[in-house]
There are 2 protein chains.
Amino acid sequence: MADINLKVRAAGFADRPGSATPGPGDAREPSWDIIELLFFAYRDFVGDPDVVLSKLAFGRAHHRVLHFVNRNPGIKVADLLGILNITKQSLGRVLKQLIDEGYVLQKEGAQDRRQRLLYVTAKGEALASKLASLQTQRITRALAELGPGAHEAARRFLIAMIDAENRDDVVRLIARGDHVRKQRA
Amino acid sequence: MADINLKVRAAGFADRPGSATPGPGDAREPSWDIIELLFFAYRDFVGDPDVVLSKLAFGRAHHRVLHFVNRNPGIKVADLLGILNITKQSLGRVLKQLIDEGYVLQKEGAQDRRQRLLYVTAKGEALASKLASLQTQRITRALAELGPGAHEAARRFLIAMIDAENRDDVVRLIARGDHVRKQRA
DNA sequence: AATTTATGTCAGCCATATTGACATATTCTC
DNA sequence: GAGAATATGTCAATATGGCTGACATAAATT
């Protein structure tokens with residue numbers, strides 16, 4: 001789906017300037033490898049679901065919403081906004097489409113009736129699962145190619161890459177998603 | 001820059017349905033952890049440069065172009081399009097701005113005078129370095145928190161996540177960038 | 001001379017994000 | 001109970017960064 005032409009003939013091609021001893025603390029050589037690998041890996045990772053989504057006239061925004069509602073049944077709109085880091089106006093349009101087409105529904109909060117708690121429908125869960133399965137295939141294949149410790153290593157690397165302030169929240173969010181009884185309304 | 005509220009009171013909270021023995025080959029439990037960690041890690045990773053970019057009225061599109069031109073001095077427009085996976089019309093607008101504001105310049109190809117080879121100016125290299133240093137700080141901090149093998153483990157994981165067909169090209173692209181003599185025109 | 005290639009550009013469209021203002025219902029607080 | 005704060009929704013305008021299609025130019029290739 002995306003091939004890369006590498007016919008770049010660099011005008012000069014001498015040896016590396018200096019081997020750049022990474023002095024502790026101060027400015028280091030940029031981590032070009034990880035920077036670029038993250039770019040390409042993420043590009044392919046989010047590319048898988050795009051094919052399915054485009055058939056439904058949905059985009060990545062819909063995927064993100066559907067994903068987190070599926071993983072966090074009963075999530076409040078405000079919390080979803082916090083996770084996605086977008087404004088309610090942006091969420092509004094996308095969410096409305098998902099609701100209108102029967103992938104997501106809202107229920108009035110039991111304790112607080114101002115809240116509109118979000119749930120996936122059966123249809124929504126089916127789509128979310130389909131998309132997750134595509135991404136899981138890629139992950140499973142990747143981890144299978146590497147050693148047995150690869151899953152844990154990847155986990156720890158990715159967690160360490162998250163803003164320190166958010167890290168605990170994210171880990172808890174993931175853990176809670178794993179324990180929530182899947183329930184649609 | 002983006003905190004997450006986790007006040008989601010899931011309506012139900014019983015134990016996990018089944019421990020899901022991952023039978024080889026067939027449909028597995030989704031890799032929720034890696035899926036979500038990739039989302040959050042990437043969000044924070046690209047978030048760092050955004051702050052700097054927005055002051056210059058640039059976006060992520062400018063960052064990507066500047067990054068790959070900086071890393072691949074003398075790159076052809078066509079190759080840049082292949083790497084970014086966008087159309088020339090999309091590139092056009094962004095590239096024009098970078099050129100107009102003196103971050104990038106074009107030179108006619110020596111062998112093939114149809115080509116417009118792209119180079120960063122000193123100003124462009126300074127900005128690219130600044131952005132890369134922000135991302136490098138995050139990566140360096142993350143890897144320092146983990147063991148000594150963490151860099152190699154992250155590398156291998158990310159490479160394995162890339163489409164198999166592109167993998168070799170990407171690895172070569174990164175390696176070549178590391179050896180090219182940095183030269184501005 | 002004719003074709004192909006590399007690039008640029010015009011025009012219009014779409015998706016997704018933003019800000020700001022305002023509306024409504026509900027809950028909380030004094 | 002009145003007033004403030006909260007959760008959500010909505011209207012309007014705007015920006016960014018993608019897209020397609022059509023067309024133009026110059027240079028290389030055949």
Side-chain angles (χ1 to χ4, degrees), chain A residues 1-2 5 7-9 43 46-47 49-51 53-66 69 74-101 104-118, chain B residues 1-2 5 7-9 43 46-47 49-51 53-67 69 74-100 104-118:
Chain A
M1 181 213 315
N5 300 315
K7 307 290 163 40
V8 189
R9 319 182 192 99
R43 165 134 113 19
V46 297
D50 283 352
V51 182
L53 289 163
S54 67
K55 290 176 190 157
L56 302 167
F58 286 155
R60 281 179 201 170
H62 302 87
H63 184 194
R64 291 193 290 267
V65 171
L66 184 65
V69 172
I75 192 173
K76 288 188 297 181
V77 169
D79 289 338
L80 191 52
L81 292 176
I83 288 172
L84 298 177
N85 217 8
I86 57 176
T87 59
K88 62 182 171 180
Q89 295 89 332
S90 298
L91 176 62
R93 212 174 346 112
V94 167
L95 184 55
K96 188 173 191 311
Q97 290 174 274
L98 287 170
I99 291 170
D100 287 349
E101 301 190 32
V104 170
L105 57 79
Q106 295 176 305
K107 270 179 33 177
E108 209 172 51
Q111 298 90 355
D112 187 336
R113 288 171 37 230
R114 290 171 302 183
Q115 299 173 349
R116 296 298 135 85
L117 308 184
L118 302 173
Chain B
M1 184 216 310
N5 301 313
K7 306 292 164 37
V8 188
R9 318 179 192 102
R43 165 135 114 16
V46 296
D50 283 353
V51 182
L53 289 163
S54 67
K55 291 175 190 156
L56 302 168
F58 286 155
R60 283 179 198 170
H62 302 87
H63 184 194
R64 290 193 290 268
V65 171
L66 183 64
H67 171 93
V69 172
I75 192 173
K76 288 187 298 179
V77 169
D79 289 339
L80 190 51
L81 292 177
I83 288 172
L84 299 176
N85 216 9
I86 57 175
T87 60
K88 62 181 171 180
Q89 295 90 333
S90 298
L91 176 61
R93 215 169 345 117
V94 168
L95 184 56
K96 188 172 192 314
Q97 288 174 276
L98 287 170
I99 291 170
D100 287 350
V104 170
L105 56 81
Q106 296 176 303
K107 269 181 26 177
E108 211 172 51
Q111 299 88 359
D112 187 334
R113 286 173 39 232
R114 291 170 303 181
Q115 299 174 350
R116 296 298 135 86
L117 308 185
L118 302 173

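What you see is a predicted model, and the numbers here were worked out from it, not measured in a lab. Reminder, nothing fancy here: chain letters follow the sequence lines and each chain counts from 1.
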[X] [atom1] to [N] [atom2]: how many Å, rounded?
{"X": "B:Arg113", "N": "C:dG8", "atom1": "CZ", "atom2": "C1'", "answer": "17 Å"}
{"X": "B:Lys88", "N": "D:dA22", "atom1": "NZ", "atom2": "C1'", "answer": "10 Å"}
{"X": "A:Arg60", "N": "C:dA17", "atom1": "CZ", "atom2": "P", "answer": "11 Å"}
{"X": "A:Lys96", "N": "C:dT16", "atom1": "NZ", "atom2": "P", "answer": "15 Å"}
{"X": "A:Ile86", "N": "D:dT16", "atom1": "CD1", "atom2": "P", "answer": "19 Å"}
{"X": "A:Leu80", "N": "C:dA17", "atom1": "CG", "atom2": "C1'", "answer": "15 Å"}
{"X": "A:Asp112", "N": "C:dT24", "atom1": "CG", "atom2": "P", "answer": "19 Å"}
{"X": "A:Gln111", "N": "D:dT6", "atom1": "CD", "atom2": "P", "answer": "19 Å"}

Task: Whether B:His63 and B:His67 hold their rings parallel, tilted or perpendicular, with breakpoints at 30° and 60° - done: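 Because their plane-to-plane angle is over 60°, the rings of B:His63 and B:His67 count as perpendicular.
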Task: Side-chain N,O (A:Arg64) to OP1/OP2 (C:dA17) below 4.0 Å - done: yes
- [ ] Using only side-chain N and O atoms of A:Ser90, determine if any of them is under 4.0 Å from OP1 or OP2 of C:dT16.
- [x] no
Open item on the list: Quick check on DNA chain C: between B:Arg116 and A:Ala110, whose nearest nucleotide comes earlier from the 5' end?
Closed with: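 Of the two residues, B:Arg116 wins.
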For the side chain of [X], starting at C-beta, report the closest nucleotide among [options].
{"X": "A:Gln89", "options": "C:dA17, D:dG17, D:dC11", "value": "D:dC11"}
{"X": "B:Thr87", "options": "C:dT26, C:dG8, D:dT20", "value": "D:dT20"}
{"X": "B:Gln115", "options": "D:dA28, C:dT18, C:dA6", "value": "C:dA6"}
{"X": "B:Arg114", "options": "C:dT4, D:dG9, C:dT27", "value": "C:dT4"}

TODO: Spell out yes or no: do the side chain of A:Gln106 and the base of D:dG9 have one donor N/O and one acceptor N/O closer than 3.5 Å?
DONE: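 Under the 3.5 Å cut-off, the side chain and the base do not form any donor-acceptor pair.
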Tell me what [X] touches on the nucleic acid: a base, only sugar-phosphate, or nothing, going by heavy atoms under 4.0 Å.
{"X": "B:Gln97", "value": "nothing"}
{"X": "A:Arg93", "value": "base"}
{"X": "A:Gly92", "value": "nothing"}

TODO: Report the C-alpha distance between B:Leu118 and B:Leu95 in whole Å, list the side-chain angles of each, state the deciding distance to 0.1 Å, and finish with yes or no for side chain to side chain contact (heavy atoms under 4.5 Å, CB included).
DONE: CA-CA 10 Å; B:Leu118 302 173; B:Leu95 184 56; 4.2 Å; yes
- [ ] Could you give me the CA-CA distance, side-chain angles and deciding distance for A:Val69 and A:Leu98, then say whether side chain to side chain contact (heavy atoms under 4.5 Å, CB included) is met?
- [x] CA-CA 11 Å; A:Val69 172; A:Leu98 287 170; over 6 Å; no
- [ ] Measure the spacing between CZ of B:Arg93 and NE2 of B:His62 and express it to the nearest 0.5 Å.
- [x] 8.5 Å
Task: Inter-residue atom distance A:Leu81.CG - A:Leu91.CG, 0.5 Å rounding - done: 5.0 Å
